[in-house]
Amino acid sequence: MVLTGAGISAESGVPTFREAQEGLWAKYSPEELASPKAFQQHPEIVLRWYQWRISLISQARPNPAHQALVQLEDLCIREGKRFLLITQNVDNLHQAAGSQQIVELHGNIFRTRCHHCGTRQERNLAAVDLEEGIPHCQQCQGLLRPDVVWFGETLPAAALNTAWEQSANSDFYLVVGTSAAVEPAASFPILALENGGTVLEINPNSSNLSPRISYRLPHPAGAALPALVQALQQG
Ligand code: OAD
């Protein structure tokens, strides 16, 4: 099992979630923008923020850490072992690198859905001219929004169930680039530990999980993950 957070994309140039926002958006915190309340109060500001984030993330490319997880997945498959990557990231970089077995816990910023009925829409929000107003759902005329989980919203049920089930019987858990600041993601590796699994954390800083984790590699993922996977490949 692998659980990733924003830190794995830091070396792709995507700012981590709790890093200070810069420029135009510095005066807002993500909590003030990524919420149903913010969207109801000022949908245009929220969508402009996402247009900015989508344009930023569109320029990012998978880094050696993302690529190492693709090699790890291939190694597990060759050895007949289960592999599952649970990501809290919405930047699509794991998919772009070629990972297959992925659970997107918090959605995907490149997908669009209706805020009212939830229907996914083939609409690129980054290409919408907001001067013409907020785009509406073709089914129910509700407002369109990114298909990501906002503060105070529930996680996609299927993703959550898979994550709990697989974490409960995981014998080796890699936790990469997450502060483990939000639940339930922070509890998945603990569940593996409680069931006798080993948990290894890759993060240059300590996280909320660090005190309970079996092993830590206090290095950036772009260096530590390729080295770890190479060692595993050499058996
Ligand atoms: P955070 O910004 O909270 O944490 C990023 C972590 O990455 C920190 O612990 C950093 O030390 C670490 N880090 C930074 N650079 C790194 C590198 N090069 N290699 C490895 N680690 C590095 O982001 P998340 O933990 O992903 O939820 O945040 C989890 C969730 O909180 C987000 O998905 C978001 C937020 O609420 C939703 O949007 C629902």
Side-chain angles (χ1 to χ4, degrees), residues 2-22 25 28-39 46 49-50 52-54 56-57 60-69 72 85-94 97 102-111 113 115 145-157 159-160 163 173-190 199-213 215-229:
V2 185
L3 172 67
T4 62
I8 198 168
S9 298
E11 291 158 89
S12 295
V14 180
T16 64
F17 210 87
R18 285 174 176 79
E19 231 166 358
Q21 298 234 78
E22 79 236 15
W25 302 102
Y28 295 98
S29 77
E31 287 77 355
E32 288 172 293
L33 291 166
S35 76
K37 183 163 168 274
F39 187 64
V46 172
W49 181 54
Y50 274 96
W52 172 71
R53 288 184 66 208
I54 290 170
L56 198 69
I57 290 171
R61 294 291 170 267
N63 68 58
H66 296 105
Q67 287 149 4
L69 288 183
L72 180 61
L85 165 55
I86 302 173
T87 187
Q88 302 172 89
N89 301 338
V90 298
D91 59 28
N92 204 59
L93 286 175
H94 286 303
I102 302 178
V103 167
E104 291 180 311
L105 218 46
H106 296 156
N108 187 308
I109 202 167
F110 292 105
R111 282 199 306 266
R113 76 165 189 255
H115 185 57
R145 51 166 285 178
D147 185 21
V148 297
V149 175
W150 281 340
F151 289 98
E153 290 188 319
T154 52
L155 274 63
L160 203 48
Y173 220 112
L174 258 179
V175 181
V176 186
T178 182
S179 61
V182 297
E183 292 295 348
S187 296
F188 297 149
I190 301 302
V199 181
L200 184 148
E201 179 179 49
I202 295 178
N203 189 330
N205 308 303
S206 62
S207 74
N208 291 353
L209 287 174
S210 301
R212 303 185 57 182
I213 273 192
Y215 301 96
R216 290 200 68 236
L217 291 174
H219 302 285
L225 251 178
L228 176 71
V229 172

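Every number for a ligand or one of its atoms is a count from 1 in the order of the listing. Quick caveat: nothing in here was measured; it's all calculated off a predicted structure.
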Participant: Out of all atoms in ligand 1, which are within 4.0 Å of some heavy atom of Val182? Include the element for each.
Facilitator: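 So the answer, numbered in order with elements, is 29 (C), 30 (C), 31 (O), 36 (O).
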Participant: Should you measure from each heavy atom of Asn205, which atoms of ligand 1 turn up under 4.0 Å away?
Facilitator: 10 (C), 11 (O)
Participant: Give the numbers and elements of all ligand 1 atoms closer than 4.0 Å to a heavy atom of Thr178.
Facilitator: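 The list of qualifying atoms is 6 (C), 9 (O), 24 (P), 25 (O).
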Participant: Can you name the nearest heavy-atom pair linking Pro156 to Glu104, along with the distance?
Facilitator: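 So the minimum-distance heavy-atom pair works out to CG-O, 4.1 Å.
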Participant: Which residue and atom name correspond to the protein heavy atom nearest atom 31 (O) of ligand 1, and how close is it?
Facilitator: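 It is Arg18 NH1, 2.9 Å.
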Participant: Just need the protein heavy atom nearest to atom 5 (C) of ligand 1, so name the residue and atom and give the distance.
Facilitator: Gly177 O, 3.8 Å
Participant: Could you name the option among Asn208, Thr87, Ile202, Asn203 that has the heavy atom nearest to atom 9 (O) of ligand 1?
Facilitator: Asn203
Participant: What part of Ala10 sits under 4.0 Å from ligand 1 if we count only heavy atoms: the side chain, the backbone, both or neither?
Facilitator: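 Side chain only.
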Participant: I'd like to check which ligand 1 atoms, numbered from 1 as shown, lie under 4.0 Å from a non-hydrogen atom of Gly5.
Facilitator: 26 (O)
Participant: Atom 26 (O) of ligand 1: which protein heavy atom is closest, and how many Å away?
Facilitator: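 Here the nearest protein heavy atom works out to Ala6 N, 2.7 Å.
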Participant: Pairs of nitrogen or oxygen atoms closer than 3.5 Å, one from Ser179 and one from ligand 1: do any exist?
Facilitator: yes
Participant: Looking only at heavy atoms, what is the nearest atom pair of Asn208 and Ala181, with distance?
Facilitator: ND2-CA, 3.7 Å
Participant: Which heavy atom of the protein is the closest neighbour of atom 29 (C) of ligand 1, given with residue, atom name and distance?
Facilitator: Gln88 OE1, 3.3 Å
Participant: Using side chain to side chain contact (heavy atoms under 4.5 Å, CB included) as the criterion, point out the one residue from Ile86, Val175, Thr178 that pairs with Pro189.
Facilitator: Val175
Participant: For atom 13 (N) of ligand 1, grab the closest protein heavy atom and report residue, atom and distance to one decimal in Å.
Facilitator: Gly7 CA, 3.6 Å
Participant: How long is the span from the CZ atom in Phe110 to the CG atom in Asp91, to the nearest 0.5 Å?
Facilitator: 7.5 Å
Participant: Parallel, tilted or perpendicular, judged at 30° and 60°: which one describes the rings of Phe39 and His115?
Facilitator: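 Because their plane-to-plane angle is over 60°, the rings of Phe39 and His115 count as perpendicular.
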Participant: If you look at every heavy atom in Leu93 and His66, which pair is closest and at what distance?
Facilitator: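 Minimum heavy-atom separation between Leu93 and His66: CB-NE2, 3.5 Å.
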Participant: State whether the shortest distance between N or O atoms of Ile8 and N or O atoms of ligand 1 falls below 3.5 angstrom.
Facilitator: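 Among all N and O atoms of Ile8, none is under 3.5 Å from an N or O of ligand 1.
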Participant: As an exercise, identify every atom of ligand 1 less than 4.0 angstrom from a heavy atom of Val149.
Facilitator: 38 (O), 39 (C)
Participant: Within a distance under 4.0 Å of any heavy atom of Glu11, pick out the atoms of ligand 1 and give their elements.
Facilitator: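 Ligand 1 atoms under the 4.0 Å threshold to Glu11: 17 (C), 18 (N), 19 (N).
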Participant: Hey, could you give me the OH/CG distance between Tyr215 and Leu228, rounded to the nearest 0.5 Å?
Facilitator: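 Nearest 0.5 Å value for the OH-CG distance: 12.5 Å.
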Participant: Is Trp150 in contact with ligand 1, taking contact as a heavy-atom separation below 4.0 Å?
Facilitator: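 For ligand 1, residue contact (heavy atoms, under 4.0 Å) with Trp150 is absent.
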Participant: With rounding to the nearest 0.5 Å, note down the distance linking CZ in Phe188 to CG in Leu160.
Facilitator: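 Between Phe188 CZ and Leu160 CG, I get 5.5 Å after rounding to 0.5 Å.
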Participant: Report the C-alpha separation of Asn108 and Asp147 in whole Å, then their side-chain angles, then the decisive distance to 0.1 Å, and conclude whether the side-chain hydrogen bond (donor to acceptor under 3.5 Å, both in side chains) test is met.
Facilitator: CA-CA 6 Å; Asn108 187 308; Asp147 185 21; over 6 Å; no
Participant: For Val149, is there any backbone N or O sitting under 3.5 Å from a side-chain donor or acceptor partner on His106?
Facilitator: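 Not at all, since once roles are kept as given, no pair shorter than 3.5 Å links the two residues.
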Participant: Could you see which bit of Thr16 sits under 4.0 Å from ligand 1, with heavy atoms only: side chain, backbone, both or neither?
Facilitator: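 Both backbone and side chain.
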Participant: Considering the heavy atoms of Phe151, write down every atom of ligand 1 situated less than 4.0 Å from one of them.
Facilitator: 36 (O)
Participant: Below 4.0 angstrom from a heavy atom of His106, which ligand 1 atoms are there? Numbered from 1 as shown, please.
Facilitator: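 Ligand 1 atoms under the 4.0 Å threshold to His106: 27 (O), 33 (O), 37 (C), 39 (C).
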Participant: Just heavy atoms, cut-off under 4.0 Å: does Ser207 contact ligand 1 by side chain, backbone, both, or neither?
Facilitator: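 Neither; nothing of Ser207 gets under 4.0 Å from ligand 1.
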Participant: Decide yes or no for Leu209 and Asn203: does some side-chain heavy atom of the first lie under 4.5 Å from some side-chain heavy atom of the second?
Facilitator: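 No, side chains not in contact.
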Participant: Please work out which of Ala181, Gly107, Ala221 has its closest non-hydrogen atom nearest to atom 19 (N) of ligand 1.
Facilitator: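 The option holding the nearest heavy atom is Ala221.
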Participant: Just checking Trp49 against Tyr28, ring centres under 6.0 Å apart?
Facilitator: no
Participant: Does at least one non-hydrogen atom of Pro204 fall below 4.0 angstrom from an atom of ligand 1?
Facilitator: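 Pro204: in contact with ligand 1 (<4.0 Å).
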Participant: Please tell me if the side chains of Leu56 and Pro15 come closer than 4.5 Å, counting only heavy atoms from C-beta onward.
Facilitator: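 Counting from C-beta outward, Leu56 and Pro15 do come under 4.5 Å.
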